[in-house]
Number of protein chains: 2
Amino acid sequence: MQLSEAYETVDHALSAKKLLLVIGTCQVKYSGRATSKLAKGDRLVIVKSDGSFLVHQNKGLAAINYQPPKGRLSCELNDTLILRATRKQPRELLEVIFSKISFAGAYTINDDRSLQIFGTEKDLAKLLMQDLSVLEPGLTSTKQESKSKRGFIDIFARDKKGNPVLIEVKRRTAGLKAVTQLKRYVEETNKRKNQEVRGILCAPGISKNALIMLEREGLEYCRLDYDAHTSDTKIKGLIKKQKRLKEFFV
Amino acid sequence: MQLSEAYETVDHALSAKKLLLVIGTCQVKYSGRATSKLAKGDRLVIVKSDGSFLVHQNKGLAAINYQPPKGRLSCELNDTLILRATRKQPRELLEVIFSKISFAGAYTINDDRSLQIFGTEKDLAKLLMQDLSVLEPGLTSTKQESKSKRGFIDIFARDKKGNPVLIEVKRRTAGLKAVTQLKRYVEETNKRKNQEVRGILCAPGISKNALIMLEREGLEYCRLDYDAHTSDTKIKGLIKKQKRLKEFFV
DNA sequence: GCGATCAGCGGCACG
DNA sequence: CGTGCCGTTGATCGC
């Protein structure tokens, strides 16, 4: 395909805010929050009508270079065909320099539907909150997702003794981050309430290091078995880890 | 475009492991780590030769549905054209059901180049380590990114008194997470070394809450001004926050 | 393979 | 707008 022919397509697509696809040999330069260079090779460029700009190699899920929506788009034809996406705040420039074009096409796309998704962390927390007694007898929920000044916690509950219990739900194997996050919430709450505050981490798994740290901090872990293969996610089981040592001596 | 014609293109692209583009009206179903549904609308589907499968709407940078490389791909033609990407471990299914096709194309892409990127957190840490004295007189680096049992620290140094100093570098405004991370490293090191361990957070900014927590924990903050607009990233300035209170009374 | 972390993270929700 | 955090996070690197 001639560069000039591609230029017509590109220029029209940008001004008409159509979906633009370009395949060809190009080098890519990015300068902004970071700087990157990508030497000559064949890639796919996508420009969406909201200004989203994507450069894809023929492997991997993630775009190799990109520029977020709402930027300024332009194109230029000399002995190469250049596509640019710029923005200020932060000041950034993405430049794709095509020396050869295999394909260029512009399309009108009608789509007003948005994704319905099930089995998120929020969904799991909601499910769990519906019957906290399966986690521990006497546990009653106060509120879900108290998104307050200092961070947030998934479930705020009280145990049968009336002590506050913070429950953090993770949809994946919990790591050190999850434990430090829970620890921080517990410490914050502890400071505010000046009561013994418990923290329970509910996740389908926990890493070795995370478990060590969790136990050292006096926090608790509960294995959360769930199935997210259907739109009504189900909790299949809750297996509480052996209680922390000090509880044996009460 | 006829569905049957598109089917030929798709089937050929999948078996020949070409880059495949399809635009058309479809609904999308996903079941696996979560479950999602996307009602009928016009979208772009990309299948890469490594098996990466992407469904894009005409807005936003991120794919609305996807499936990672190395999965199994298949297509089927009835009164609709169905593209499937499945995998086990975890067991997942992504299904795109086309009722209409606007465009389908298969391409051979040659690209063996990879991205060179500059201005990453690692780059900043390396730069900073080259002359720690600008951060504080007498500060000398021991090693970069010393790997401890739990997580990493960017720079391990000692101050003029010989006390260990852990330096965590962030390329963006630091939040609560950065502080808790540094805190954890400092605590771990403290436990191991049984010495007074200092922690310095270097970032272009810090959030209000993060600063409060940092100061309460006796950690230090240093504003890191840098310019990442060129491939040789430069540190423009380091502004140390006023030292913590207790140092005034030494 | 698991584990921990970064990412030009993106995207969303809330104050 | 900033702040915080989830994500079917993905991608990378060390073990």
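In terms of position along DNA chain C, the nucleotide closest to A:Ser207 lies nearer the 5' end than the nucleotide closest to the other residue of the pair B:Leu61 and A:Ser207. Nucleotides of DNA chain D nearest to B:Pro68 and A:Gly119 differ in position, and the one nearer the 5' end is that of A:Gly119.
Distances were taken from every side-chain heavy atom of A:Pro69 (C-beta onward) to each of C:dC6, D:dT8, C:dG11; the shortest belongs to C:dG11. Closest approach to the A:Leu176 side chain among C:dA4, C:dG10, C:dA7 is made by C:dA4 (side chain taken as heavy atoms from C-beta onward). The nucleotide whose nearest atom lies closest to any side-chain atom of B:Ala34 is, among D:dC6, C:dG11, D:dT8, D:dT8. Taking every side-chain heavy atom of B:Thr120 into account, C:dA7 is the closest of C:dG10, D:dG4, C:dA7. Distance from the side chain of B:Thr173 is smallest for D:dT3 among the nucleotides C:dC6, D:dT3, D:dT8. Side-chain proximity of B:Tyr185 to the nucleotides D:dC5, C:dT5, D:dG7 is greatest for C:dT5. Across D:dT8, D:dC6, C:dT5, the shortest atom-to-atom separation from the side chain of A:Arg171 is found for D:dT8. Taking only side-chain atoms of A:Glu92, from C-beta outward, the nucleotide of C:dG8, D:dT8, C:dC6 with the closest atom is C:dG8.
Using a 4.0 Å heavy-atom cutoff across all strands shown, A:Glu168 reaches sugar-phosphate atoms only and no base atom. Nucleic acid contact class of B:Gly175 (heavy atoms, under 4.0 Å, all strands): sugar-phosphate only. Nucleic acid contact for A:Gln67: base, since at least one base atom lies under 4.0 Å from a heavy atom of the residue.
The aromatic ring of A:Tyr66 sits over the base of C:dG8, with ring centres less than 5.5 Å apart and planes inclined by under 30°. Stacking annotation: B:Phe152 is not stacked on the base of C:dT5 (requires ring centroids less than 5.5 angstrom apart and an interplanar angle below 30 degrees).
With respect to the salt-bridge test (charged N to carboxylate O, under 4.0 angstrom), the residues B:Arg171 and B:Glu121 do not qualify.
Remark: the separation of the C1' atoms in D:dT9 and D:dC5 is 12 Å, to the nearest Å. The same atom, P, is picked in D:dG4 and in D:dT8; the two are 22 Å apart, to the nearest Å. Rounded to whole Å, the separation between the P atoms of C:dA4 and C:dG8 comes to 22 Å.
For B:Pro69 against A:Leu61, the heavy-atom pair with the smallest separation is CD-CG, 4.4 Å.
Partner of B:Tyr30 under the side-chain contact (heavy atoms from CB on, under 4.5 Å) criterion, out of B:Leu38, B:Val55, B:Val96, B:Leu94: B:Leu94 alone.
A donor atom on one side chain and an acceptor atom on the other are found under 3.5 Å apart for A:Asp50 and A:Ser52. For the residue pair A:Asp123 / A:Thr233, no side-chain donor-acceptor distance below 3.5 Å is found, with atom types taken as modelled. There is a side-chain donor-acceptor pair under 3.5 Å between B:Thr25 and B:Asp42.
Neither OP1 nor OP2 of D:dG4 sits under 4.0 Å from any side-chain N or O of A:Gln181. In this structure, B:Arg33 reaches the D:dG10 phosphate: one of its side-chain N or O atoms is under 4.0 Å from OP1 or OP2. Residue B:Arg184 places at least one side-chain N or O closer than 4.0 Å to OP1 or OP2 of C:dT5.
Rounded to an integer number of Å, the gap from CG of A:Leu124 to C1' of D:dC6 is 12 Å. Residue B:Lys170 contributes atom NZ, which lies 13 Å from atom C1' of C:dC9 at whole-angstrom precision. Counting to the nearest Å, the P atom of C:dC9 and the NZ atom of B:Lys177 are 14 Å from each other. Note: CG (A:Leu38) to P (C:dG8) measures 13 Å, nearest angstrom. Atom CD1 of B:Ile64 and atom P of C:dG10 are 16 Å apart (whole Å). Rounded to an integer number of Å, the gap from NZ of A:Lys122 to C1' of D:dC5 is 12 Å. The NZ atom of A:Lys37 sits 17 Å away from the P atom of C:dG8 (whole-angstrom rounding). When rounded to the nearest whole Å, the span between NZ of A:Lys59 and C1' of D:dG10 equals 13 Å.
Side chain B:Asn209 to base D:dG4: no donor-acceptor pair is found below 3.5 Å.
A donor-acceptor pair is defined here as one N or O able to donate and one able to accept, closer than 3.5 Å; no such pair exists between the side chain of A:Ser36 and the backbone of B:Ile117.
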